[in-house]
Every structure is written in C-alpha cells, then in structure tokens.
Amino acid sequence: MILMKDIVRDGDPVLRQEAAKVSFPLSEEDQKLADDMMEYLKVSQDPDLCKKYGLRAGVGLAAPQVGASKMMAAVLVPSEEGTKSPFTDVIINPVIISHSVQSGALTEGEGCLSVDKEVPGFVPRHDRITLRYQDTTGETHKVRLKNYPAIVCQHEIDHLHGILFYDHINHDNPYEVDEGTIMFE
Ligand SMILES: Cc1nc(NNC(=O)[C@H](CC2CCCC2)CN(O)CO)c(F)c(N2CCN3CCOC[C@@H]3C2)n1
Ligand code: NI
C-alpha cells in the first residue's frame, strides 16, 4: 500500500525527468504500480481511512511521484453534484491530441502531494482537452474532458514530463490569468 513516506518530494530529480513510455502487456510490476496508485486515491478519499493512514487526499497520482519514471498516472475524480462526467482510470502513455484555446483554472489554485509548501496563485491550463491514452489492458481510449477532470489530467500528465504545477504560475502576478479564462471550484 502506498503511504505518504512513499511519495517522492520536490527536489528529487525523478520529478523533473521525462518518464519512459510503458509497453504492453503490462509487467506484473507495472500492473501492481497501477493498482497501488488507484488504491491510494480510493483510500485517501475515504475520510476515515485517510485519517487512519495519515494520507493527504488526492484525485490524481503520477508514477514519478512514487519514484517510478514511467508514463502512467491514476485519476479518480469523484462524481460531485453538478459535474456530469467524473473521470476514473489509470492513464498510460497519455497524449493531449487537441485542446481549447480557452483556459481554465481552479479558483483555489493547485497543490501537489510532492510539494510540501503552499504555492499561491492560479494555474492556467486548457479548459477542454481531447486525451488519448491506453488503459491497463492496453486498450486505447480517446476522451474529451472539460473543467475539473481536464485540469486534473493535465496536472498528472505534466508530472510525466517533469513539470510541476507552480511552473505555470505567473510569479510577477500570481493571480493574473488571460481574459476569458474559466475559473472554477
Ligand atoms: C483539486 C483537489 N486536489 C486534491 N488533492 N491534491 C491532488 O489530488 C493533487 C492533484 C490535483 C491538484 C490540482 C489538480 C490535480 C495530487 N497530485 O500531486 C497528483 O499529481 C484533493 F484531495 C481534492 N479533493 C476533492 C475531491 N474530494 C473527494 C472526497 O475525498 C477528498 C477529495 C479532495 N481536490
Ligand atoms: Ni502533483
């Protein structure tokens, strides 16, 4: 089971590397990694278990964050009232094949399990993306995501390219975003 002690923190070079593509069929090791990352998210979203294991809650987790420089990330965006399409899957070799010109950002800014400090500011991302990825069976998916699930997937895909959320913050004016940027909870 992945615990906070297993989460690699900012400063470790693995978080700044380009991860390696994953080949199919998955090795046992890669299958276990996929399962463990999704299990972390599920446990962390259960208030009792989250507390019991001393976890930070998460809606996404990328393999480099547990020291594995592989193109794999787990995403578990819960279905909250209002959001039509929650997104749950382990995305392998993900590629954003198209995106909106319009930007989107979380009004709360972003955090990261690998970054222990708060970094205030808006993180401008694409509001809508078309994402192509393989699931753990090797099947290829092409999905259109918008708003919250799109933000989460972009945060995770960034990790696979050695990018951290605060790289996107305008440090001269952290709360500046292009006009037309959609801000959401
Ligand atoms: C937005 C949010 N970020 C949480 N944490 N940070 C993360 O997930 C980091 C990734 C996210 C940071 C911004 C975009 C992606 C982890 N990252 O570093 C992986 O690369 C949350 F925990 C959270 N939610 C809302 C849903 N809630 C359901 C019930 O359980 C609690 C849970 C809390 N929302
Ligand atoms: Ni992160």
Side-chain angles (χ1 to χ4, degrees), residues 2-19 33-34 36-92 94 96 103-129 131 133 145-169 174 177 181-185:
I2 295 174
L3 299 170
M4 288 311 291
K5 68 175 176 51
D6 304 311
I7 304 280
V8 169
R9 303 304 154 91
D10 195 2
D12 187 310
V14 75
L15 291 172
R16 290 304 189 175
Q17 278 170 13
E18 176 78 6
L33 178 62
D36 288 352
M37 294 197 302
M38 185 56 83
E39 181 199 42
Y40 177 94
L41 298 179
K42 288 197 166 76
V43 169
S44 80
Q45 291 188 19
D46 176 306
D48 302 329
L49 293 177
C50 187
K51 193 172 167 62
K52 177 177 174 188
Y53 292 104
L55 306 183
R56 277 182 60 189
V59 291
L61 185 63
Q65 294 182 277
V66 290
S69 193
K70 296 168 187 259
M71 284 272 173
M72 182 191 290
V75 178
L76 177 59
V77 178
S79 57
E80 292 168 34
E81 305 71 50
T83 28
K84 252 192 352 294
S85 58
F87 183 72
T88 300
D89 215 344
V90 176
I91 58 175
I92 300 173
I96 294 174
S103 300
L106 294 178
T107 45
E108 308 296 310
E110 295 188 12
C112 183
L113 298 179
S114 296
V115 178
D116 291 328
K117 63 184 194 304
E118 296 260 321
V119 183
F122 292 142
V123 181
R125 296 186 184 279
H126 307 309
D127 181 51
R128 295 177 295 286
I129 59 173
L131 169 64
Y133 70 92
L145 299 172
K146 68 175 181 175
N147 298 343
Y148 186 40
I151 294 282
V152 176
C153 284
Q154 289 173 80
H155 177 112
E156 303 317 326
I157 293 168
D158 268 356
H159 273 300
L160 308 182
H161 298 286
I163 298 165
L164 297 176
F165 74 93
Y166 58 74
D167 298 344
H168 297 287
I169 295 175
V177 284
T181 300
I182 299 183
M183 307 300 297
F184 40 85
E185 303 303 318

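Indexing begins at 1, ligand by ligand and atom by atom, following the structure's order.
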Per-residue contact class, [X] against ligand 1 - non-hydrogen pairs under 4.0 Å:
X: Y148; answer: side chain
X: R56; answer: neither
X: Q65; answer: side chain
X: C112; answer: both

Looking at H155, the N/O/S atom that lies nearest to the Ni ion (ligand 2) is called NE2

Can you tell me the protein heavy atom closest to [atom] and the distance?
atom: atom 10 (C) of ligand 1; value: E156 OE2, 3.6 Å
atom: atom 26 (C) of ligand 1; value: E80 OE2, 3.6 Å
atom: atom 17 (N) of ligand 1; value: H155 NE2, 3.5 Å

Rounded to 10 degrees, what angle sits at the Ni ion (ligand 2) between C112 SG and H159 NE2? 100°

Quick one: do R9 and D116 make a salt bridge, cutoff under 4.0 Å? yes

Charged N-O contact under 4.0 Å between D167 and R16: yes

Rounded to the nearest 0.5 angstrom, the CD-CG distance for Q17 and D12 is 8.0 Å

Going from CD on E39 to OG on S44, what distance comes out if it is rounded to the nearest 0.5 angstrom? 10.5 Å

Ligand 1 contact by F165, heavy-atom criterion under 4.0 angstrom: no

Taking atom types as modelled, find out whether D10 and Y166 have a side-chain donor-acceptor pair closer than 3.5 angstrom. yes

Is K146 close enough and on-axis enough to F184, meaning under 6.0 Å and within 45°, for cation-pi? no

With a sphere of 6.0 Å drawn around NZ of K52, does it hold more than 12 non-hydrogen atoms of other residues, nucleotides or ligands? no

Suppose I only count heavy atoms of [X] and a 4.0 Å limit; which atoms of ligand 1 are within that range?
X: G111; result: 12 (C)
X: G60; result: 8 (O), 16 (C), 17 (N), 19 (C)
X: A57; result: 4 (C), 5 (N), 6 (N), 21 (C), 22 (F), 31 (C)
X: E110; result: 13 (C)
X: Q45; result: 28 (C), 29 (C), 30 (O)
X: P78; result: 26 (C), 28 (C)

Shortest non-hydrogen contact between [X] and [Y], atoms and distance:
X: L113; Y: M4; value: O-CE, 4.4 Å
X: A150; Y: H126; value: CB-O, 4.4 Å
X: A62; Y: E156; value: N-OE1, 3.6 Å

Going by distance only, is there an N or O of S114 that falls short of 3.5 Å from an N or O of ligand 1? no

For atom 11 (C) of ligand 1, state which one of V59, L113, I151 supplies the nearest heavy atom. V59

Got a donor-acceptor contact below 3.5 angstrom from the D6 side chain to the L3 backbone? yes

